[in-house]
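Chain A is the first sequence line, chain B the second, and so forth, proteins listed ahead of strands; every chain is numbered from 1. Atom set for the values below is all heavy atoms of this structure, side chains included, hydrogens, waters and symmetry mates excluded.
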Number of protein chains: 2
Amino acid sequence: MANQSSRLDQIFAALADPTRRAIVMRLCDGEASVGELADPFDMALPSFMKHIHVLETSGLLQSEKSGRVRTCRLSPDALLGAEDWFQRQRAIWEARLDRFEAYVMKLKKEKERAGAKRPSRTTKRKGSE
Amino acid sequence: MANQSSRLDQIFAALADPTRRAIVMRLCDGEASVGELADPFDMALPSFMKHIHVLETSGLLQSEKSGRVRTCRLSPDALLGAEDWFQRQRAIWEARLDRFEAYVMKLKKEKERAGAKRPSRTTKRKGSE
DNA sequence: CGATTGGTTAGCCATGAAGCTAACTATAGA
DNA sequence: TCTATAGTTAGCTTCATGGCTAACCAATCG
């Protein structure tokens, strides 16, 4: 029953929509009212408001109503959180590449040594870890 | 009718699911068969295969079948593409902060100068660009 | 050959996402 | 006070997503 979806789920889901990415891009450039944000889009306001709401519950956007106008701004923390995820993946990935490189080096050395012992042996192994 | 969704749409949508993020994380650590990947998850294989397929059409994963076993590996290009998006956003965001800072500086100077002319005037402007 | 393993296809179901209209609330401006 | 503006709420449709089972290939292995 409880909508158990993590913060990252929500952030990525929010960014999976081109309208919402456009809103985020627009907001990178400074705050704006809902009307201003909605203007470039050929969409009924209630539909557009849903996008705003999705962005807001994902934590990417903060808004505040003053008088009858709601002003939206980006809250960069969520954005940074998602970026961080990529960087952690890349770290793991690169560590893995390093390990792989080390492995290839080891193979090469062994091959050289083996080559010294029995020269004509075309090792047909596919180097897949 | 044509499923017009951009590469970024697909990548972010793919990453919005915890199962799929887990698969990506697992694959950062080296290639694996579908069975190996599916093992930790309490899910029927066909359901799991859908996730694999989503990852593959997003470009995050490549797979290749040899005999009866399909081996999956990460293709980091897509991952880097998404990471790039964040970095571009951040660049815009930071440029904006710089501009904002410059603006605040200008305000401050003007206030100081105004303060020299007519001392007690509490400028009630909200600094919203 | 026959059974097992590894994956695939087909088809069903429930939920959620994305859009719409119509009608409503509340502030701002004339 | 009247009217126009800026959002909001309610309720509806349609399609996509994420899960399942059951049945089906196609390689291995005994």
Engineer: Taking the side chain as C-beta and beyond, is there a heavy-atom pair between Arg70(B) and Glu64(B) under 4.5 Å?
Structural biologist: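 Side-chain contact under 4.5 Å: no.
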
Engineer: Please give, in whole Å, the distance from dT21(C) C1' to Lys50(A) NZ?
Structural biologist: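 From Lys50(A) NZ to dT21(C) C1': 12 Å.
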
Engineer: State, to the nearest 10°, the angle formed by the axis through the first five base pairs of the helix from dC1(C)-dG30(D) to dA30(C)-dT1(D) and the axis through its last five.
Structural biologist: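 Helix axis angle between the two ends: 20°.
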
Engineer: Please identify each residue that fulfils ring pair (Phe, Tyr, Trp, His ring centres under 6.0 Å) with Trp93(B), with sequence neighbours left out.
Structural biologist: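 Scan of Trp93(B) (ring pair (Phe, Tyr, Trp, His ring centres under 6.0 Å), adjacent residues dropped) gives none.
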
Engineer: Using whole Å, report how far CD of Glu56(A) lies from P of dT8(D).
Structural biologist: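 Taking CD of Glu56(A) and P of dT8(D), I get 9 Å after rounding.
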
Engineer: Report the distance from atom CG of Asp42(B) to atom P of dG18(D), rounded to the nearest whole Å.
Structural biologist: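 That distance rounds to 17 Å.
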
Engineer: Does His51(B) place a side-chain N or O at less than 4.0 Å from the phosphate oxygens OP1/OP2 of dT17(D)?
Structural biologist: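 It does not, given that no N or O in the side chain of His51(B) lies less than 4.0 Å from OP1 or OP2 of dT17(D).
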
Engineer: Reading DNA chain C from 5' onward, which residue's closest nucleotide shows up sooner: Gly67(A) or Val54(A)?
Structural biologist: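 Mapping each residue to its closest nucleotide by heavy atoms, the 5'-most match is Val54(A).
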
Engineer: Could you give the CG-to-P distance, from Leu55(A) to dA17(C), as a whole number of Å?
Structural biologist: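 About 13 Å, once rounded to whole Å.
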
Engineer: Keeping Ser58(A) on the side-chain end and Arg7(A) on the backbone end, is there a donor-acceptor pair under 3.5 Å?
Structural biologist: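 Such a contact is absent between Ser58(A) side chain and Arg7(A) backbone.
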
Engineer: Atom CZ of Phe41(B) and atom P of dC20(D): how far apart are they, to the nearest Å?
Structural biologist: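 So the CZ-P distance, Phe41(B) to dC20(D), works out to 13 Å.
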
Engineer: How would you list, by chain and number, every residue that makes a side chain to side chain donor-acceptor pair (under 3.5 Å) with Glu83(A), sequence neighbours excluded?
Structural biologist: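 Scan of Glu83(A) (side chain to side chain donor-acceptor pair (under 3.5 Å), adjacent residues dropped) gives Arg90(B).
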
Engineer: Asp17(B) has an atom CG; how far is it from atom P of dG16(C), in whole Å?
Structural biologist: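 Result: 14 Å.
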
Engineer: Send over the distance from Asp9(A) CG to dA17(C) P, rounded to a whole Å.
Structural biologist: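 Checked: the CG to P distance equals 11 Å.
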
Engineer: Could you list all the ring-ring contact (aromatic ring centres under 6.0 Å, His included) pairs where at least one residue sits in residues 60-79 of chain A, not counting sequence neighbours?
Structural biologist: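 ring-ring contact (aromatic ring centres under 6.0 Å, His included) check on residues 60-79 of chain A returns no pairs.
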
Engineer: Measure all distances between protein nitrogen or oxygen atoms and nitrogen or oxygen atoms of nucleotides 7-9 of chain C, and list the pairs falling under 3.5 Å.
Structural biologist:
unit_1, atom_1, unit_2, atom_2, d
dG7(C), OP1, Val34(B), N, 3.4
dG7(C), OP1, Arg70(B), N, 3.4
dG7(C), OP2, Gly35(B), N, 2.8
dT8(C), OP1, Arg70(B), NE, 2.7
dT8(C), OP1, Arg70(B), NH2, 3.0

Engineer: Would Met49(B) end up clustered with Val54(B) when hydrophobic side chains under 4.5 Å apart are linked, directly or stepwise?
Structural biologist: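 Cluster IDs for Met49(B) and Val54(B) differ.
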
Engineer: Between Gln89(A) (side chain only) and Val24(B) (backbone N and O only), is there a donor and an acceptor less than 3.5 Å apart?
Structural biologist: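 No, the answer is negative, given that no donor and acceptor are paired below the 3.5 Å cut-off.
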
Engineer: Can you find a side chain N or O atom of Ser47(B) that sits less than 4.0 Å from OP1 or OP2 on dC20(D)?
Structural biologist: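 Yes, Ser47(B) has a side-chain N/O under 4.0 Å of OP1/OP2 on dC20(D).
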
Engineer: Report the distance from atom CD1 of Ile52(B) to atom C1' of dG6(C), rounded to the nearest whole Å.
Structural biologist: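 From Ile52(B) CD1 to dG6(C) C1': 13 Å.
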
Engineer: Would Asp17(B) and Arg21(B) pass as an ion pair if we require N to O under 4.0 Å?
Structural biologist: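 Not counted as a salt bridge, because no side-chain N and carboxylate O are separated by less than 4.0 Å.
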
Engineer: Write out all pairs satisfying salt bridge (Lys or Arg N to Asp or Glu O under 4.0 Å) with one or both partners inside residues 33-52 of chain A, taking only residues at least two apart or from two chains.
Structural biologist: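 Listed once each, the pairs would be none.
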
